[in-house]
Structures are given as structure tokens and as C-alpha cells.
Amino acid sequence: MLDLVILSLHFFMCFLISLVIWYGSKDKDLHNVSKGTVEMEHDALVCVGKEDDIKKSQRITTKVNGREVVVFYHEGKFYAMDARCYHAGGPLHLGDIEDINGQSCIICPWHQYKITLETGEGLYQAINPLEPSPTPRWLSKGVKQRIHKVTVDNGNIYVSPPDLSVSFDSDYYADKYKSNGDFTVEK
């Protein structure tokens with residue numbers, strides 16, 4: 001009889017553990033309808049718009065997990081980065097895109113900082129005064145602006161939420177403007 005009680009208790013415990021595992025592993029999507037954004041779990045992609053719409057407008061601003069992100073369509077490719085410049089929080093969605101040293105760069109409208117669309121590197125022009133005739137060269141400050149992975153699937157554009165285990169200079173302004181509400185969507 002004692003064996004039957006122990007066996008029953010064992011099955012009951014296994015059942016409870018399986019319920020905890022099953023309910024704990026469910027994906028949870030959070031929809032923020034009032035802001036027009038969709039937020040999902042950390043590893044989930046966030047749909048930010050239709051491919052054709054973004055191609056027509058060349059850029060959109062949106063929120064990904066509460067963070068302002070600008071998505072660019074330039075020369076056949078999509079790029080996404082924090083919407084505020086790493087230097088002083090300038091609105092990158094209002095900047096011009098220029099080719100600098102073979103790289104597509106967004107130019108911050110506030111202080112003319114140059115940021116590569118592909119990597120988020122800050123670029124600057126420097127000269128070597130020790131050269132006989134110093135000519136300016138473009139050099140990298142390193143990656144300063146957080147970029148986000150863009151995925152195109154079935155006519156929709158998705159942006160990956162940021163991996164916050166690595167920090168970038170633009171994180172300061174992304175956090176500062178996170179709670180300030182809406183921002184201008186078009187250039």
C-alpha cells in the first residue's frame with residue numbers, strides 16, 4: 001500500500017512540474033495599440049511596416065520595444081538604427097544620406113555628424129600634419145550608433161529588438177527620449 005502512495009505522489013509531482021514548464025514557456029506578445037507600435041519578447045522580430053510603403057517614403061520612424069528607431073531604404077537596401085544621434089540626440093530621420101568614402105552615411109542635421117548606415121560607425125575627417133601636403137582622410141571613431149537587424153519577409157519589414165548586453169553611445173539618447181512620447185514621422 002505504501003508503494004502505491006509513493007508512486008501516486010511521484011506521478012502527481014511529475015504532472016505539476018510538467019504544467020509549470022508548459023505554462024512558463026509560452027510566448028507572450030504585448031500589443032501597444034495606442035502608440036501604433038507592437039512590442040514583443042526580446043528575441044522576437046517587430047513588424048514596422050510594409051516593404052512598398054518604406055521604399056516609397058525612403059525612411060520611417062517607429063518604436064521597437066519603446067525605443068525610437070529609424071528605418072531607411074537606400075540604394076536597394078534597408079537599414080535601421082537608433083533614431084537619435086549618439087553625439088547630442090539629434091533627429092537622424094531628418095538627416096540627409098551621403099556617400100562618404102564609399103559608405104552610405106546619415107548626416108545628423110544638428111551638428112553634421114556622419115554615421116554609416118551599415119555599421120553605425122562615426123566618421124570624421126583628419127589630416128596628418130607630418131605629410132608634405134596634408135590631405136584630409138576619412139577615419140572611424142568606432143561604432144557609436146546602435147544599428148538594428150532588418151528582415152524582409154512576405155512584403156513586411158521586421159526589426160530585431162536591441163541586444164542590450166552591449167552598449168553604444170546612442171543608448172544614452174535612446175533612453176532619454178524613450179519616455180518623451182511621439183516624434184515627427186516624416187522628413
Side-chain angles (χ1 to χ4, degrees), residues 32-40 45-126 136-152 155-164 166-187:
N32 184 348
V33 178
S34 65
K35 296 283 185 186
T37 61
V38 177
E39 298 187 18
M40 300 179 173
L45 297 175
V46 177
C47 183
V48 297
K50 296 285 184 192
E51 181 179 7
D52 291 337
D53 294 339
I54 298 172
K55 282 181 177 179
K56 284 179 195 169
S57 68
Q58 301 290 299
R59 65 185 72 188
I60 64 160
T61 50
T62 188
K63 289 203 176 189
V64 176
N65 290 14
R67 187 182 196 101
E68 292 180 0
V69 173
V70 59
V71 179
F72 297 101
Y73 179 73
H74 182 70
E75 294 182 351
K77 291 181 75 178
F78 290 96
Y79 305 92
M81 64 177 48
D82 285 351
R84 299 293 178 160
C85 179
Y86 71 90
H87 168 247
L92 294 179
H93 67 282
L94 297 177
D96 293 325
I97 296 176
E98 294 180 13
D99 182 67
I100 296 176
N101 209 31
Q103 300 181 76
S104 297
C105 296
I106 185 73
I107 312 301
C108 180
W110 284 3
H111 302 108
Q112 310 310 304
Y113 274 59
K114 284 98 173 125
I115 305 165
T116 63
L117 294 177
E118 187 81 33
T119 64
E121 285 180 273
L123 299 181
Y124 69 101
Q125 247 182 340
R137 296 184 302 148
W138 287 101
L139 299 175
S140 172
K141 297 177 185 179
V143 177
K144 301 289 188 177
Q145 193 76 21
R146 182 180 296 279
I147 59 168
H148 305 268
K149 182 181 176 199
V150 178
T151 304
V152 181
N156 293 314
I157 302 298
Y158 297 89
V159 174
S160 297
D163 173 10
L164 299 177
V166 179
S167 66
F168 295 93
D169 291 4
S170 66
D171 291 341
Y172 173 79
Y173 292 102
D175 290 339
K176 182 176 179 178
Y177 287 95
K178 197 172 194 174
S179 61
N180 281 1
D182 294 331
F183 48 94
T184 307
V185 174
E186 295 181 15
K187 181 177 175 190

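Small disclaimer: the values here were computed from a predicted structure and weren't measured. Just so you know, residue 1 is the first one in the sequence shown, and it goes up from there.
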Tell me, please, which residues at least two apart from Leu117 pass side-chain contact (heavy atoms from CB on, under 4.5 Å).
Phe72, His74, Tyr79, Met81, Ile97, Ser104, Ile106
Asp163 backbone acceptor or donor facing Arg146 side chain under 3.5 Å:
yes
Who passes side chain to side chain donor-acceptor pair (under 3.5 Å) against Gln58, sequence neighbours left out?
none
Hits for side chain to side chain donor-acceptor pair (under 3.5 Å) against Lys144, two or more places apart or cross-chain, chain-then-number order -> Asp169
Closer than 3.5 angstrom, by distance alone: can the side chain of Asp171 be matched with the main-chain N or O of Phe168 as a donor-acceptor pair?
yes
Check Pro161 against Val46 and note the closest heavy-atom contact, atom names and distance.
CG-CG2, 4.3 Å
Could you pull out all residues at least two apart from Lys149 that satisfy salt bridge (Lys or Arg N to Asp or Glu O under 4.0 Å)?
none
Test log, rule salt bridge (Lys or Arg N to Asp or Glu O under 4.0 Å), inputs Glu68 and Lys63
CA-CA 5 Å; Glu68 292 180 0; Lys63 289 203 176 189; 5.0 Å; no
Partner set under ring pair (Phe, Tyr, Trp, His ring centres under 6.0 Å) for His87, not counting sequence neighbours
His111, Tyr113
For the pair Arg137 (side chain) and Ala126 (backbone), establish whether a donor and an acceptor sit closer than 3.5 Å, ignoring hydrogens and angles.
no
Does the side chain of Lys178 come under 3.5 Å of the side chain of Tyr173 through a donor N or O and an acceptor N or O?
no
Sequence neighbours left out, what pairs pass salt bridge (Lys or Arg N to Asp or Glu O under 4.0 Å) with at least one residue falling in residues 99-125?
Lys77-Glu118
